[in-house]
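Only one structure is covered here, and it is reproduced in the block below.
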Amino acid sequence: MRILSIIFVSLTLSLGATAAWAQDGDRARRLELATRFVDLSMGEELPKLVDQIIEEELAANPDMPQEERDWMRRNMPALTMTMIEDIGSQLGPVYADAFTVPELEALVAFYETPLGRSIATKQFEIGARSQEILAGALGRFFERLVTKYCQEFDCEEVPVAPSSGK
């Protein structure tokens with residue numbers, strides 16, 4: 001379902017770029033700071049944004065029976081938040097390995113500010129939109145690739161390009 005890929009990609013994008021891999025001498029402190037950073041970078045509004053994305057998905061599927069819509073509204077928020085928490089717990093060690101203690105302290109300090117919290121929320125929203133753009137670009141790329149390939153190798157059946165989710 002598109003919601004899962006949106007959340008995964010938007011979470012990945014919202015966490016930013018990585019720096020040089022740090023030494024292991026201060027691993028425990030880096031892991032503590034990285035875990036805090038990951039939590040902060042998800043933003044305080046994450047549950048509300050998840051609900052909003054689910055509602056947008058439901059609106060985009062008007063033929064879905066009401067019983068299924070109700071089920072999605074009851075189950076998807078908790079399942080999605082559990083998935084996001086799982087991803088976050090796995091990303092903590094990645095950030096601990098990538099950043100130094102001073103870098104992680106700076107990230108945590110920034111994301112603890114009102115400006116940092118606002119940016120975290122907006123990064124999640126932008127990540128969701130970015131996933132749609134990425135899906136469309138990949139679909140167009142796949143279509144051009146298959147067209148060019150089949151012109152060269154005379155394909156009997158052209159595979160269908162992945163959907164952009166819209």
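All values reported here derive from a predicted model rather than from experimental measurement. Along the sequence shown, residues are numbered consecutively beginning with 1.
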Return the set of residues passing salt bridge (charged side-chain N to carboxylate O under 4.0 Å, His left out) with E68 (not counting sequence neighbours), or none when no residue passes.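 Checked E68 against salt bridge (charged side-chain N to carboxylate O under 4.0 Å, His left out); zero matches.
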
Taking only residues two or more places apart in sequence, or in another chain, which ones meet E85 in a salt bridge (charged side-chain N to carboxylate O under 4.0 Å, His left out)?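 Result, salt bridge (charged side-chain N to carboxylate O under 4.0 Å, His left out) vs E85: none returned.
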
On a heavy-atom basis, which atom in [X] and which in [Y] lie closest, and how many Å separate them?
X	Y	value
R69	L58	NH1-O, 2.8 Å
L33	E105	CD1-CG, 3.6 Å
P77	V50	CA-CG1, 4.2 Å
A120	S41	CB-O, 3.5 Å
G92	A34	O-CB, 3.2 Å

Quick one: pull up [atom1] in [X] and [atom2] in [Y] and give me the separation to the nearest 0.5 Å.
X	Y	atom1	atom2	result
E56	L49	CD	CG	9.5 Å
I84	L91	CD1	CG	11.5 Å
T35	L31	OG1	CG	4.5 Å
M76	T80	CE	OG1	3.5 Å
E125	I53	CD	CD1	8.5 Å

Running the 4.5 Å side-chain criterion over Ile, Leu, Val, Met, Phe, Trp and Tyr, what cluster does I133 land in, apart from itself?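 Via sub-4.5 Å side-chain contacts, I133 links to none.
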
Strictly distance-based, threshold 3.5 Å: is any side-chain N or O of [X] a donor or acceptor partner for the main-chain N or O of [Y]?
X	Y	answer
T113	A109	no
D154	C150	no
S130	I126	yes

Beyond-backbone contact of [X] with [Y], side-chain heavy atoms, under 4.5 angstrom:
X	Y	value
I119	F110	yes
D86	S89	yes
Q90	V94	no

Is any NZ, NE, NH1 or NH2 atom of the basic residue among [X] and [Y] found under 4.0 Å from an Asp or Glu carboxylate oxygen of the other?
X	Y	value
E112	R36	yes
D97	R27	yes
K148	E143	no
E32	R29	yes
E132	R129	no
R73	E55	yes

Which class fits the ring pair F99 and Y95: parallel under 30°, tilted 30 to 60°, perpendicular over 60°?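 Answer is parallel, since the angle falls under 30°.
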
Verdict with reasoning, T121 to R117, per side-chain contact (heavy atoms from CB on, under 4.5 Å): CA-CA 6 Å; T121 297; R117 288 190 298 275; 5.8 Å; no

Answer with yes or no whether the hydrophobic clustering places L134 together with L145; edges join I, L, V, M, F, W, Y residues whose side-chain heavy atoms lie under 4.5 Å apart.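 No: no chain of side-chain contacts under 4.5 Å links L134 to L145.
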
ILVMFWY cluster, L115 and M42 together (side-chain gap under 4.5 Å):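 Looking at the clustering, M42 is in the same group as L115.
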
Crowding at CD, E67 (>12 non-hydrogen neighbours, <6.0 Å):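 Counting neighbours around CD of E67, 12 or fewer heavy atoms of other residues, nucleotides or ligands fall under 6.0 Å, so no.
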
Kindly indicate, with the supporting measurements, whether the criterion salt bridge (Lys or Arg N to Asp or Glu O under 4.0 Å) is fulfilled by E45 and K48. CA-CA 5 Å; E45 300 293 318; K48 186 188 305 183; 3.0 Å; yes

Evaluate the criterion side-chain contact (heavy atoms from CB on, under 4.5 Å) for residue pair M64 and M72; output intermediate values, then yes/no. CA-CA 10 Å; M64 181 183 286; M72 294 295 271; 4.3 Å; yes

